There are 2 protein chains.
Amino acid sequence: MVSKLDTKTRILDAAESLFAEHGFSDTSLRLITTRASVNLASVNYHFGSKKELIQAVIARHLELFMPLLNEKLTALCAQAEKPSVLDVFNSFVDPLLALEQQSKNGTVIFMQLLGRSYTDQQGHLRWYITTHYGEVLANITKALLKANPALSSQELFWRLHFTLGTAVFTMGSSGALMDIAKADFNQDIDVEGLIRKVIPYLASGMNTSTETTSM
Amino acid sequence: MVSKLDTKTRILDAAESLFAEHGFSDTSLRLITTRASVNLASVNYHFGSKKELIQAVIARHLELFMPLLNEKLTALCAQAEKPSVLDVFNSFVDPLLALEQQSKNGTVIFMQLLGRSYTDQQGHLRWYITTHYGEVLANITKALLKANPALSSQELFWRLHFTLGTAVFTMGSSGALMDIAKADFNQDIDVEGLIRKVIPYLASGMNTSTETTSM
DNA sequence: GTAATTTTAAAACGTTCGTTTAAAAAGGGT
DNA sequence: ACCCTTTTTAAACGAACGTTTTAAAATTAC
């Protein structure tokens, strides 16, 4: 069934890095197959179309990330004492870093793909995630509500998307940001360092006192 | 010099909405010129190339937004009493809403273009902004440091980009988010409402207590 | 070992893209 | 009216795209 190194896997590996770097439509199948050292037609043979290849690339990351995250979240929800919002967001660290092992720069690529999928078309990926990983999403809100019961479901909705925006943008452009940080004030920081830097920011935002917001 | 309604302007109007909707490379010149009811070749005649058209679209928004923002920020920096971070971020409201008058959905389009420009290629727009509007950027940090003197320039750098990510993502996908809010809990909110909702979140993040973050 | 199936390979398909060309139309100055 | 410049138009260009086709090669099954 599998040879030395699967053609399918080689295509996925090449595609995911190129998609993250140049975007979906700016990455041609010829570029992907050249980097993967496979024949052009093999993409259509193994995946059917370019669109299905895109879905497969994203699905492979989600299949690793989501179960790991869900494990952490259910543990947090099951424990007796009340977690902090910081605890909830810290649950994302290990699953995100696990992506780094699946492929080089896996964490960054995952976030870039997430961001691109969210903006490149309307709701396509959003629908995929909610239908395939609705339980995980429910556990995210459950854990956050346990950590901050004062949040209305509406406020939680908005702040979750604010959180997503920060995370996607920060991690997605992390390469450029880390370069600037190095050039401007000689700060060396890696992906894990950046994740740990953004999490307190996200927790603060999630804990914004509601008295200053209207409605 | 100008006719009833400039061909150049018609192209810019059509291009900016299509760019925001479909992205730069997924928007063809034929689609733009058809919507603008002008000849295909007029884009190359008036702008030179598609790339220069993209720059012109973004520049038109920046030329309106940046001076307005700078006015607010310099006023804030000139006043005697210390502003809050909330005050600084509130300075963005009017300039953002001014874009709404220049073109329909101007605010959202501006943020979408900002986000796409930041992710579609590395540093191209970033360089343009820093060279053309470096003074405004300097005033942003100046105002924020006045509001929160405890911030190190490094922390400010990171939090500013966290802020940018939240704003770009939130406003860029505001259409979808407002639709979901309407469907899920019948919440009607417009662009100004969304801006005013995200600002306290951003201020909280910017004011994150540094004792929990490690260097 | 041979037959059936799966995978790879090269070539071509038709379409769409950004851009260029060359001529027609419109505008402005005197 | 005339010339000169600017703008618009229609048509075509070459390149790159995703996909399909057809046959060879490799793998599997018996």
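Proteins get letters first, then strands, A, B, ... in listed order; numbering begins at 1 in each. Side chains included, hydrogens not; waters and symmetry mates left out as well; all remaining heavy atoms used. Note that the structure is a prediction, hence the values are computed from the model and not measured.
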List in chain and number order the residues that pass ring-ring contact (aromatic ring centres under 6.0 Å, His included) with [X], two or more places apart in sequence or in another chain; answer none if no residue qualifies.
| X | result |
| --- | --- |
| B:Phe157 | A:Phe185, B:His161 |
| A:Phe169 | B:Tyr118 |
| A:Phe89 | none |

Pairs flagged by side chain to side chain donor-acceptor pair (under 3.5 Å) wherever residues 35-50 of chain A is involved - sequence neighbours left out: A:Ser17-A:Arg35, A:Ser49-A:Glu52

Tell me, which pairs form a side chain to side chain donor-acceptor pair (under 3.5 Å) where one or both residues lie in residues 86-97 of chain B, sequence neighbours left out?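 Checked against side chain to side chain donor-acceptor pair (under 3.5 Å) - neighbours excluded - the pairs reaching residues 86-97 of chain B are B:Lys72-B:Asp94, B:Ser84-B:Asp87.
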
Between A:Ser28 and D:dC17, does any side-chain N or O lie under 4.0 Å from OP1 or OP2?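 A:Ser28 to D:dC17 OP1/OP2: side-chain N or O found under 4.0 Å.
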
Are OP1 or OP2 of D:dT7 and a side-chain N or O of B:Thr7 less than 4.0 angstrom apart?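 It does not, given that no N or O in the side chain of B:Thr7 lies less than 4.0 Å from OP1 or OP2 of D:dT7.
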
With A:Thr130, which residues qualify under side-chain contact (heavy atoms from CB on, under 4.5 Å), at least two apart? A:Leu137

Nearest whole angstrom, please: distance from the P of C:dG18 to the CG of B:Leu18.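 Answer to the nearest Å: 12 Å.
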
Rounded interatomic separation in angstrom, taking CG from A:Leu53 and C1' from D:dT19: 14 Å

Is the count of non-hydrogen atoms from other residues, nucleotides or ligands lying under 6.0 Å from B:Glu100 atom CD greater than 12?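 Counting neighbours around CD of B:Glu100, more than 12 heavy atoms of other residues, nucleotides or ligands fall under 6.0 Å, so yes.
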
Between the two ends of the helix from C:dG1-D:dC30 to C:dG28-D:dC3, what is the bend in degrees, rounded to 10 degrees, where each end axis spans five pairs? 10°

Those residues of residues 38-46 of chain A lying under 4.0 Å from DNA chain C by at least one heavy atom: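 Correct list: A:Asn39, A:Ala41, A:Tyr45, A:His46.
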
Counterpart residues, salt bridge (Lys or Arg N to Asp or Glu O under 4.0 Å), relative to B:Lys182 (two or more places apart): B:Asp188

